[in-house]
There are 2 protein chains.
Amino acid sequence: VTEPGEGAARKPYTTDALVDVAVRVFLERGYHAASIGEIARAAELGKSSLYHHVSGKEELLERGLRRAFDALFAMLDEHGATTGTAVQRLRYGLRRTVEITAQMVPEVSLLLRVRGTSPTEQWAMERRRQFTRLMTELVAAAQDEAGVRADLDPALVTRLVFGMTNSVTDWYRDDRPESVSDLVNAIERIVFDGLAHA
Amino acid sequence: VTEPGEGAARKPYTTDALVDVAVRVFLERGYHAASIGEIARAAELGKSSLYHHVSGKEELLERGLRRAFDALFAMLDEHGATTGTAVQRLRYGLRRTVEITAQMVPEVSLLLRVRGTSPTEQWAMERRRQFTRLMTELVAAAQDEAGVRADLDPALVTRLVFGMTNSVTDWYRDDRPESVSDLVNAIERIVFDGLAHA
């Protein structure tokens, strides 16, 4: 569908590219403050072209968040997350969460900031709680098999450990000297072995 | 100073109480989006009464941030932070940072969100970098004395460990079942001893 006087000389715009722009605008301006007009301008698209791709701001939020949630929940079905002892599965889950976070900094940042009452925000908060619950169960299972220390509340351990992985979104960028595997390595060593051990 | 028709039946308003309100409004709305009018309304003060206390929005930001920075930098002069081995001073600095963070969740949250270009925001970002540098030096000194593992970059260790303490602001509230000392304990054990040790 082409509109008169618009898009004739433009390269085709993908919905994915539009989601990239929307995620950036949401992070800069805040989801609630950002308008569909700002997103269209940032994407250099007319508003009506934008509406060929998505139904509106909430769909853009949902598509942005879905990237991160799809990656995180798909990870839970991977071989490393479903086989072995609980502590092996926990180590795998932690490493892959760090990888996904470092590879999807904008999407994970957006996910961490969701607070509101729209259906998409409610859905996102529920997905986030679900991920935390699954990780808490894994920590508890690892404690039961004596794979990790049992003197700390599993829900507290989960909050703190994934608080560390979440904090990566505050500073990690592609141009950092640390590679993703340096980051995975450092977090796994600190969390499992601790700074006091070599 | 009393204005006609205002404040006659009001209890005296302190600048500290006004800063409490401003910090809350900044967190809810974003510092840049928040207006002095909104802060005045949230404080149930007339705008001109507000200006008896502070010169404007930037002073409110500075006063809010100063609470957190004053506590963090004062901590660095405490006995525990200035005596003993580097690893003892690092453990002390970590424990006290967790305490200050848990006791000043709104102020530390605000500090973590500062991004802009106003003089106060620039000052806050520089103070934050300075704190991070001092902690990085302490991690490096602890590595030199073989008090902590030396196979990880001290700047990366500092970002990750203080990323964990910062993440406390996302969920810790006074009404949580975990006390501040539970939190301090859990973070110190995870960071120094690791989950794999008991």
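Naming: A, B, ... by sequence-line order, numbering from 1 per chain. Hydrogens, waters and symmetry mates play no part in the numbers below; they use all other heavy atoms, side chains included.
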Residue pair B:Glu78 / B:Tyr92, side-chain donor-acceptor N/O under 3.5 Å: yes
Electrostatic pair A:Asp170:B:Arg113 at N-O distance under 4.0 angstrom: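 The answer is no: the pair does not qualify as a salt bridge.
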Close contacts, residues 177-191 of chain B versus chain A, judged by heavy atoms under 4.5 Å: B:Glu178, B:Asp182, B:Leu183, B:Ala186, B:Ile187, B:Arg189, B:Ile190, B:Val191
Reported CZ-to-CG distance for the pair B:Phe131 and B:Leu76, which is rounded to 0.5 angstrom: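 Here the interatomic distance stands at 5.5 Å.
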Interatomic spacing from NZ in B:Lys57 to CG in B:Leu60 - rounded to 0.5 Å: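 With rounding to 0.5 Å, NZ (B:Lys57) is 10.0 Å from CG (B:Leu60).
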Flag side-chain contact, heavy atom, 4.5 Å: A:Glu62 against A:Trp123: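 SC-SC contact between A:Glu62 and A:Trp123 confirmed.
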Aromatic A:Phe192 / basic A:Arg91 pairing, under 6.0 angstrom, 45° off normal: yes
Which portion of B:Val139 sits near chain A, non-hydrogen atoms under 4.5 angstrom: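 Neither part.
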Side-chain donor/acceptor of B:Glu145 to backbone N/O of B:Ala86, under 3.5 Å: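 At least one qualifying donor-acceptor pair exists.
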Contact leader toward chain B among A:Val157, A:Asn166, A:Leu152, A:Leu160, where contacts are heavy-atom pairs under 4.5 Å: A:Leu160
Proximity breakdown for A:Val168 and chain B, heavy-atom pairs closer than 4.5 Å: side chain
